[in-house]
Amino acid sequence: MPQFDAQTLIFLRALRDQFPTAEAALAAIAGLRATLTLPKGTIHVVSDVHGEYVKLKHIINNASGSLRPLVDQTFAGRLGEAEKLELLNLIYYPRETFMQQTFADAAARRDFVRRVCGLEFEILRVLSRRYDIATMEAVFPASFRAAFRELLYGVYLERSTAYFDALLEPIMEHGRELDFLRLTARVIRNLLISELIVAGDFGDRGPRIDRVIDIVMHQPNVAITWGNHDASWLGACLGSEACIATVLRFSLRYRRLSQLEEGYGIPLAPLERLARDVYGDDPATQFACKGVGLREPLQMARMQKAIAIIQFKLEGQLIARNPQFRLAHRNLLPLIDPKAGTIALEGKTHPLLDTHLPTIDWANPNALSPEEAACIERLRRSFLQSPVLWQQMRFLAQKGTMWLRRDENLIFHACVPVDAQGEFLPMEIDGRELRGRALFDELNLVVQRAVRTNDPQCLDLLWYLWGSPLSPLFGKDKMTTLEGYFIADKHTHHETKNPYFELIHEPWFCRNVLAEFGCDPERGLIVNGHVPVKIAQGESPLKRSGQAVTIDGAFSEAYGDKGYTLVLDAERTSLALHHHFESVSDAIHDGADIIPSIEHIRTYPQPRTVADTESGERLRNEIAALEKLIAAYESNAIHEFS
């Protein structure tokens with residue numbers, strides 16, 4: 001007779017609430033064991049989207065290019081190229097495409113809807129082979145779940161054409177056919193990607209971080225590994241003044257103010273006033289903004305200069321109150337000689353390109369002037385009071401983590417900080433020196449504590465993650481923002497990468513990193529973003545080790561307007577290289593799809609099943625728990641509910 005300790009019985013009684021009888025537990029085990037035999041889901045991993053929401057939406061809609069070959073294969077010899085393109089556009093952009101159609105009469109409109117629905121449900125039948133019925137029905141729209149069930153499975157029951165027509169007729173009689181087509185297209189898109197992973201950096205440089213996050217929030221199954229830009233936005237949302245200054249400066253530098261004013265309802269009037277009152281006669285030539293926009297360029301440059309000076313002061317204060325960061329050498333404003341108009345860095349004196357610094361008190365260079373303090377306080381209140389910003393950053397925190405394991409793949413944004421010999425470097429947190437996986441896991445707790453409590457020390461750590469030497473999200477020796485604005489010598493602008501980025505070319509090093517995070521050191525693959533692959537120079541995203549890949553393909557237009565998706569499906573691991581996407585209008589009128597170049601990184605001798613993945617591990621653990629529950633029922637250690 002099986003024996004159960006008191007702790008196990010507590011867990012089993014809690015499990016009984018969900019499975020009150022042995023029969024219910026057996027039925028669940030049967031379903032879980034069957035699920036283990038299905039093909040593993042297709043996971044799409046993207047990184048460094050940097051605000052490019054239009055391109056991201058299209059890549060999600062076309063499933064990184066995998067929908068087109070599915071349509072080609074499913075309808076080979078049955079549909080012409082124009083018909084296949086129309087069907088693809090109806091799945092990518094159903095509303096825009098449907099509105100372009102013209103019909104001779106109502107009968108022609110109904111025939112069109114019936115034909116498209118028939119084709120789309122044929123695609124759904126192909127996709128349904130990858131999923132159990134419960135998963136399929138979970139993605140059906142609740143209002144039309146019964147209709148979807150009949151349209152999908154009725155063919156196998158040899159339902160008549162009249163039966164299918166009767167299902168669709170009320171929808172068309174009430175003019176809801178577009179709604180139905182949109183829902184069907186969404187189900188197809190959701191089933192093509194079983195999980196979307198964003199490996200960091202949702203915003204900055206591109207136009208709208210708010211719209212990028214909104215698109216991702218509408219995907220059914222999402223996971224996130226944070227990037228350094230995400231850390232700065234999280235800190236800004238939670239009221240870190242240094243992080244607020246950072247995201248504001250970035251938004252100004254790239255003329256991305258709509259995301260603040262329209263997206264998050266954060267007015268920039270306090271900063272405009274500061275720029276006007278303090279820098280009103282300043283040419284601000286070193287602070288010219290990129291791109292074009294509605295605001296006058298000189299005013300934008302003055303606003304950027306105003307917030308940059310505030311940023312440098314706040315960073316100096318933060319460094320001073322956190323000696324454990326070991327960043328005293330990056331407290332830069334006190335290194336300026338205002339009379340000589342120079343700055344002393346690393347034993348060398350450099351002339352300043354801009355010496356008009358009216359808000360700096362040289363007796364205390366990091367102190368905010370009264371005008372600056374009032375400005376940043378008003379901006380801070382706006383960040384804290386933005387409901388959309390809070391909702392989106394909470395989503396990033398809830399769905400996010402420092403690292404993920406998927407199948408054989410270890411996914412994180414930038415690097416594991418190491419020395420030149422490949423030894424993991426320690427970082428001090430709460431008086432403890434942590435390295436490797438322990439550091440990543442502790443930083444997970446730091447982020448969650450920051451969101452939950454607004455702990456000032458945790459907020460300072462979010463700033464550290466943005467751009468400091470031991471940050472796994474940054475991976476360079478310094479962030480040379482001030483040098484870029486004020487010093488002509490380009491050598492001072494250089495940021496030295498952590499040795500990690502060279503060592504991932506070495507198989508021994510990759511095996512060490514994979515083993516540290518509990519991944520198979522022989523078959524595992526390290527997946528990073530953060531550092532754009534120099535595609536034009538012929539750089540390969542796959543490192544010489546064969547065990548590391550960089551998927552930052554310069555998604556943002558500011559970086560190169562390309563981008564990668566790593567596609568993990570049952571038969572292979574592939575890398576899809578994307579190209580420029582003009583517009584939805586061009587996609588519909590001219591067929592301007594993003595057709596990626598595909599590189600197969602790994603091909604498996606046998607298609608992988610759910611049992612071969614970490615999801616399979618979870619399901620086997622659930623089965624083991626249910627087996628214990630059944631044993632407890634059968635031994636009468638726990639009574640079944642009747």
Side-chain angles (χ1 to χ4, degrees), residues 28 31-32 34-46 56-68 70-71 74 87-88 90-95 98 113 116-157 164 167-168 171 176-198 213-224 395 398-399 406 565 567-570 609-610 613 615-616 618-619 622:
L32 293 172
T35 298
L36 288 171
T37 70
L38 291 171
K40 71 170 289 296
T42 300
I43 299 171
H44 288 225
V45 189
V46 299
L56 175 67
K57 183 174 182 180
H58 188 74
I59 287 171
I60 292 173
N61 284 356
N62 78 359
S64 298
S66 62
L67 180 56
R68 182 178 287 267
L70 176 62
V71 167
T74 304
L87 177 59
L88 286 166
L90 281 162
I91 298 171
Y92 298 160
Y93 303 106
R95 181 181 65 82
F98 187 76
V113 173
V116 171
C117 283
L119 296 173
E120 291 187 340
F121 273 88
E122 196 168 341
I123 293 172
L124 282 174
R125 286 185 205 102
V126 174
L127 293 173
S128 70
R129 298 168 191 164
R130 309 177 186 178
Y131 298 96
D132 59 74
I133 291 175
T135 300
M136 287 293 297
E137 296 199 352
V139 300
F140 291 166
S143 53
F144 287 109
R145 187 162 289 142
F148 266 68
R149 189 184 301 123
E150 291 289 347
L151 289 165
L152 185 62
Y153 302 120
V155 169
Y156 306 121
L157 301 175
F164 292 126
L167 282 170
L168 294 173
I171 296 167
R176 300 297 180 91
E177 56 266 54
L178 176 55
D179 293 340
F180 194 79
L181 289 174
R182 292 177 71 183
L183 291 170
T184 308
R186 184 182 302 163
V187 171
I188 291 171
R189 298 194 304 262
N190 289 347
L191 291 172
L192 278 162
I193 303 175
S194 65
E195 183 180 33
L196 174 67
I197 297 176
V198 183
I213 298 175
D214 185 65
I215 289 167
V216 173
M217 289 174 73
H218 281 86
Q219 305 312 303
N221 190 17
V222 172
I224 294 165
F395 171 81
Q398 290 174 341
K399 293 290 185 179
R406 289 294 182 270
T565 302
V567 181
L568 315 173
D569 66 24
T609 66
V610 173
T613 69
S615 295
R618 176 177 54 80
L619 295 183
E622 290 180 17

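Heavy-atom basis, side chains included; hydrogens, waters and symmetry copies ignored. We number each residue from 1, following the sequence as shown.
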Working for side-chain contact (heavy atoms from CB on, under 4.5 Å), residues Ile215 and Ile60: CA-CA 9 Å; Ile215 289 167; Ile60 292 173; 3.7 Å; yes

Thr565 and His44: CA distance, side-chain angles, deciding distance, side chain to side chain donor-acceptor pair (under 3.5 Å) verdict: CA-CA 6 Å; Thr565 302; His44 288 225; 5.3 Å; no

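- In this structure, Glu120 and Ala185 approach most closely via the heavy-atom pair OE1-N, 4.3 Å.
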Candidate pair Tyr93 and Phe98, rule ring-ring contact (aromatic ring centres under 6.0 Å, His included), full reasoning: CA-CA 8 Å; Tyr93 303 106; Phe98 187 76; over 10 Å; no

Could you go through residues 123-130 and list every donor-acceptor pair under 3.5 Å that involves a side-chain atom there, pairing it with any protein atom two or more places apart or in another chain?
from, atom 1, to, atom 2, distance (Å)
Arg125, NE, Leu152, O, 2.9
Arg125, NH2, Leu151, O, 2.8
Ser128, OG, Arg125, O, 2.7

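- Here the side chain of Ser194 pairs a donor or acceptor atom with the backbone of Thr42 at under 3.5 angstrom.
- Residues forming a side-chain hydrogen bond (donor to acceptor under 3.5 Å, both in side chains) with Glu195 (at least two apart in sequence, or on another chain): Arg406.
- Sparse packing is recorded around CD1 of Ile133, with 12 or fewer heavy atoms of other residues, nucleotides or ligands lying under 6.0 Å away.
- Taking the six-membered ring where the residue is Trp, Phe180 and Phe121 present parallel rings, their angle staying beneath 30° rather than reaching 60°.
- With Thr35 contributing its side chain and Gly31 its backbone, the two residues share a donor-acceptor pair below 3.5 Å.
- In this structure, Arg145 does not pair ionically with Glu137, as no charged nitrogen and carboxylate oxygen lie closer than 4.0 Å.
- Put simply, the side chain of Glu150 never gets that close to the backbone of Ala146: no donor and acceptor are under 3.5 Å apart.
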Derivation of the side-chain contact (heavy atoms from CB on, under 4.5 Å) call for Val567 and Val45: CA-CA 6 Å; Val567 181; Val45 189; over 6 Å; no

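- With sequence neighbours excluded, the residues satisfying side-chain hydrogen bond (donor to acceptor under 3.5 Å, both in side chains) with Lys40 are Asp407.
- Residues passing the side chain to side chain contact (heavy atoms under 4.5 Å, CB included) test with Arg186 are Leu183, Arg189, Asn190, sequence neighbours excluded.
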Verdict with reasoning, Ile197 to Ile43, per side-chain contact (heavy atoms from CB on, under 4.5 Å): CA-CA 7 Å; Ile197 297 176; Ile43 299 171; 3.7 Å; yes

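- Between the side chain of Tyr92 and the main chain of His58, no donor-acceptor pair closer than 3.5 Å is present.
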Candidate pair Val198 and Val46, rule side-chain contact (heavy atoms from CB on, under 4.5 Å), full reasoning: CA-CA 5 Å; Val198 183; Val46 299; 4.1 Å; yes

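- When the side-chain hydrogen bond (donor to acceptor under 3.5 Å, both in side chains) test is applied to Thr184, no partner is found at least two apart in sequence or on another chain.
- Residues Val71 and Leu87 come closest through the heavy atom pair CG1-CD2, 4.3 Å.
- Annotation: side chain to side chain contact (heavy atoms under 4.5 Å, CB included) contacts of Glu622 (sequence neighbours excluded): Leu32, Arg618, Leu619.
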